[in-house]
Amino acid sequence: MKLVQKNNKRINNRLMLNNVFKGFFFLATFFGIVVLAILVIRIVSQGASYLDWDFLSNYASRKPEDAGIKAAIYGTIWIMSIVAPVSLILGVGTAIYLEEYAPDNKFTHFIELNISNLSGVPSIVFGLLGLTVFVRLVEMGRSVLAGGLTMSLMILPVIVVSSQEAIRAIPKEQYEASYAMGATKWQTIRTVVLPAAVPGILTGSILALSRAVGETAPLLMIGAMTFIAYVPESIWSGFTAMPIQIFNWAGRPQEEFQAVAAAGSIVLMLMLVIMNSLAIYIRNKFSKRY
């Protein structure tokens, strides 16, 4: 009888502890959602009045009523058109080599450790690296290409680590089945491993590319412009980006520019939603197939 009571007491204590942690996690999630909702409502209510076609089609101006975000939108699109292919090709390629081809020794582990550490390096450090290497050493100048390569370096470690984890999650039985059918190592990687790993790879890539869209410090370090009245015509053109333009407006003393910055933030959020929705659609499509 005493043993039963003792066991019941332990079970009750565990259930109570479970409820405490459940409530704590719920409050943490609820707090985050509330803060996010307040932020979104604040931005939308402040910037909705400035969000119209003129705002999207005009260049930056010293007058709030004439200010537009056209140059920043084009600049962001140009930057991401470089960042996405460069970071994905190099990131996934590096992950494939480290997981499938690199020897299992201390040097390989040292490389993997440093890649993981680079994921936590502040973005301003990558800006200094881009300024030293791409802008000055390679003499690319303050161009779209220099900005795109700098941002690619910044998000590369995140893509490499997430791609490695996605590849490691593939069951060994799939490798063995492919080899049993006479496939080579590269054929196995191309037809079995990569298609099955695409959902995991895209999950990390979505987060990394979203970070690249919203970063300001590296672009400021390499000399991206805060006020231009033209759109880039090539990868060698000068540029600005949406986060830089929003930062510039938010630093103006006029109250109207705060609303203009809020309108720019709405456009930036919509761009992130569209980009992430497309990536999630592709990820879910592959998840159903594999």
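Model, not experiment: these values are computed from the prediction.
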* Apply the side-chain contact (heavy atoms from CB on, under 4.5 Å) test between Glu112 and each candidate in Asn114, Thr108, Ile115; give the one that qualifies. =>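 Result for side-chain contact (heavy atoms from CB on, under 4.5 Å) with Glu112: Thr108.
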
* Please name the residue in the list Asn18, Leu17, Asn19 that meets the side-chain contact (heavy atoms from CB on, under 4.5 Å) test with Phe21. =>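 So the option named by the test is Leu17.
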
* **Spatial distance of atom OH (Tyr101) from atom NZ (Lys185) [nearest 0.5 Å]** =>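 The distance works out to 6.0 Å.
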
* **Distance, nearest 0.5 Å, that separates OG of Ser123 from CD1 of Ile155** =>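 If we round to the nearest 0.5 Å, Ser123:OG and Ile155:CD1 are 12.5 Å apart.
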
* To do: Output yes when Glu215 and Arg211 qualify as a salt bridge under the 4.0 Å nitrogen-oxygen rule, no when they do not.
  =>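 Yes, charged N to carboxylate O under 4.0 Å.
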
Which atom names give the shortest non-hydrogen contact between [X] and [Y], and what distance separates them?
X	Y	answer
Ile82	Leu149	CG2-N, 4.2 Å
Gly148	Ile79	N-CD1, 3.6 Å
Ala67	Trp249	CB-CZ2, 4.1 Å
Ile222	Arg142	O-CG, 3.2 Å
Glu100	Tyr175	OE2-OH, 2.6 Å
Gln187	Gly182	OE1-O, 4.4 Å

Any side-chain heavy atom of [X] within less than 4.5 Å of one from [Y]?
X	Y	result
Val121	Asn117	no
Phe134	Leu153	yes
Glu65	Glu256	no
Val231	Tyr59	yes
Met269	Ile43	yes

* Donor-acceptor pair, Trp78 side chain versus Pro232 backbone, under 3.5 Å? ->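 Yes; at least one donor-acceptor contact below 3.5 Å.
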
* Sidechain-backbone polar pair: Gln258 side chain, Arg252 backbone, donor-acceptor under 3.5 Å ->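 Yes; judged by distance alone, with no hydrogens or angles, the pair exists.
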
* To do: Decide whether Thr188 and Ser178 meet the rule of one side-chain donor and one side-chain acceptor closer than 3.5 Å.
  =>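 Present: a donor and an acceptor within the cut-off.
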
* Honestly, is Lys70 close enough over Phe55, meaning NZ or CZ under 6.0 Å from the six-membered ring centre and within 45° of the axis? ->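 Cation-pi check for Lys70 and Phe55: fails.
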
